[in-house]
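Index from 1, following the sequence.
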Amino acid sequence: MTDNVLIAGAGPTGLALAIHLTLHHIPVRVIDGAPGPAITSRALGLQPRGVEVLERIGALGDLPERSQTMLNMSYNEGSKTVLRLHVGQAAAVMPKRTLLISQAEIEGTLRQRLRELGGDVEWDTRLVGARQDGAGVTVTAQAADGTQQRIETAWLVGCDGAHSVVRKLAGIGFPGRKLIQNLLMVDVKATWPYDRNGSTTWMDTGHMLSVTALPDDTWRVFSEPPSPPPDDLSETEITDRVLREFSRRSGLGLDTVTEVKWASEFRIHRRLADSYRRGRILLAGDAAHIQSPTGGQGQNTGLGDAENLAWKLVLVAGGRADQRLLDTYEGERRPLAEKVLRATSTAVGIMLPDTRWKRLVRDKVVLPAVRLPAVQRKLLQVSSQLGISYRGGPLAPRSHGAGPRPGDRMPDIRCRRRDGGEVTLHAAIEGRWAVLSGDEGEAVRHAEAAAAQLGADNVIALITANEDVVLVRPDGHVGWRGSPAPDKLTAWLNQVLWPA
């Protein structure tokens with residue numbers, strides 16, 4: 001018998017999780033309290049890691065063709081540019097490109113992929129209650145007209161954002177602090193003399209003002225007010241404050257602004273859930289962690305959560321693994337979230353100094369270092385999340401040797417299918433495990449051994465230049481690696497799926 005899963009929240013994290021589960025015939029329902037899909041969004045891009053996640057579940061679609069990829073980031077002090085990061089140029093050496101595109105567009109592509117697999121989102125359905133026991137979770141959901149329905153589910157996953165109802169109902173703490181008291185944001189159509197392939201940020205005064213180019217002569221303007229604004233500003237008041245601050249700091253008039261498309265206000269926090277799991281209730285994405293938007297890490301970290309949780313939930317819900325496998329989700333993902341939170345908080349403190357001493361350190365030490373191409377490439381590697389490794393985690397004790405080791409991300413190498421067709425690794429995975437070997441016979445033997453544990457439809461054999469046999473997890477990380485020995489591969493799987 002296969003357990004069913006209820007996902008609260010139809011953002012990128014919830015949709016990616018639903019797609020992965022649906023690929024493996026796990027019954028899934030996705031509910032969201034909004035009346036329908038968002039047409040505006042705060043997040044603006046996919047880091048290379050996020051691109052890979054979507055590719056591995058067949059949900060990338062035509063996003064690369066519709067996105068900007070040659071990105072530049074300029075930092076100004078008044079009218080003077082003091083730092084320029086050529087993200088697109090540095091990204092040329094990366095296996096995947098950063099894509100600048102609205103989160104709303106990304107969600108649309110994910111929903112399309114989910115519909116192709118027979119799934120959909122139940123809008124206007126807000127989760128208001130959840131009670132669990134050893135067998136499952138009883139959820140109360142409420143429609144816009146106030147009517148309620150009772151939903152019985154084996155697993156409940158909260159992908160419902162920073163104010164997660166699921167997290168609160170599960171009694172999971174969400175400690176942290178504010179990074180920026182208020183941030184005002186508007187999208188406008190205008191003719192401005194800034195780089196259409198990136199963003200321009202003003203760093204003086206210790207308060208952020210940033211302009212990012214969007215398609216169709218649209219610009220997104222972020223502004224941190226010098227003093228907290230009154231509560232409940234209208235969109236007109238937000239727009240007026242942001243554009244006046246933009247004009248003051250850029251020196252440009254506002255006569256070329258032809259349309260205001262959207263305005264919003266929010267606060268930037270740094271918070272991390274005490275736990276990612278409580279019994280049969282789990283958290284992912286912003287429900288588990290929130291951080292500064294610096295570096296575009298939030299959406300991409302959520303997509304990584306979804307993929308890591310998905311393959312484990314597939315095995316547990318399908319009866320092929322013990323529930324304790326789900327504890328490794330927190331064991332692998334929460335330490336990563338801690339690093340992301342620290343890094344983004346540090347970046348805010350460095351680039352927006354609030355004291356004369358911090359500004360001196362930024363101008364005399366940090367900025368000269370960041371101007372170096374080698375440093376820019378390193379920063380891009382970190383922000384891309386392609387260097388993530390789970391070595392030393394619950395499923396990958398530390399190991400040594402050449403090439404990717406257990407826990408490391410497996411590069412997107414070219415492979416050959418058994419029918420002779422050429423394919424790249426991450427495009428071939430599609431939510432499955434992959435056995436790689438330079439010998440087709442060994443690849444097949446080890447794939448059959450893995451399939452006995454994981455399911456025949458959950459494992460593919462690929463022929464590569466590897467001397468060793470490598471078992472790649474559905475999230476693109478190495479699970480097991482060694483000389484040809486199907487019994488050792490089976491022993492590792494048994495240890496992972498059914499820990500003693």
Looking at R333, H20, R56, H477, which hits side-chain hydrogen bond (donor to acceptor under 3.5 Å, both in side chains) with E307? R56

Could you tell me if the side chain of V51 sits less than 4.5 Å from the side chain of Q47, heavy atoms only? no

Using the six-membered ring of F174, assess whether NZ or CZ of R167 lies under 6.0 Å from its centre and within 45 degrees of the ring axis. yes

List the steps, then state whether side-chain contact (heavy atoms from CB on, under 4.5 Å) holds for L386 with R409. CA-CA 7 Å; L386 294 182; R409 168 189 168 271; 3.7 Å; yes

Side chains of T201 and S210 only: does a donor on one sit below 3.5 Å from an acceptor on the other? yes

D120 and V30, any side-chain heavy atoms less than 4.5 Å apart: no

Mind checking the OG1-CG spacing from T153 to D3? Nearest 0.5 Å is all I need. 8.0 Å

Could you tell me whether R196 sits above the aromatic face of W219, with NZ or CZ closer than 6.0 angstrom to the six-membered ring centre and within 45 degrees of the axis? yes

Side chains of T328 and K312, heavy atoms from C-beta outward: is any pair under 4.5 Å? yes

Does the pair R473/E332 count as a salt bridge with the N-to-O cut at 4.0 Å? yes

Report yes if the side chains of R241 and F246 come closer than 4.5 Å at any heavy-atom pair, otherwise no. no

Could you verify whether a donor N or O on one side chain and an acceptor N or O on the other, from T98 and R49, lie under 3.5 Å apart? no

Taking side chain as C-beta onward, heavy atoms only, is H24 less than 4.5 Å from N458? yes

Looking only at heavy atoms, what is the nearest atom pair of I172 and A273, with distance? CG2-CB, 4.1 Å

Please step through side-chain contact (heavy atoms from CB on, under 4.5 Å) for the pair D305 and L336, ending with a clear verdict. CA-CA 10 Å; D305 290 347; L336 169 68; 5.8 Å; no

Start with the C-alpha distance between F222 and V242, add both sets of side-chain angles, then the distance that settles side-chain contact (heavy atoms from CB on, under 4.5 Å), and finish with yes or no. CA-CA 7 Å; F222 290 96; V242 171; over 6 Å; no

May I have the step-by-step check of side-chain contact (heavy atoms from CB on, under 4.5 Å) for L425 and M410, ending in yes or no? CA-CA 9 Å; L425 172 62; M410 189 70 187; 3.5 Å; yes

Any V139 side-chain heavy atom under 4.5 Å of L127 side chain: yes

Going by side-chain contact (heavy atoms from CB on, under 4.5 Å), I281 matches just one of L6, V157, V166. Which one? V166

Do D408 and S389 pair up side chain to side chain, a donor and an acceptor below 3.5 Å, judged on atom types alone? yes

Can you classify the ring geometry of Y276 versus Y329 as parallel (below 30°), tilted (30 to 60°) or perpendicular (above 60°)? tilted

Backbone of S275 reached by a side-chain donor or acceptor of R334 within 3.5 Å: no

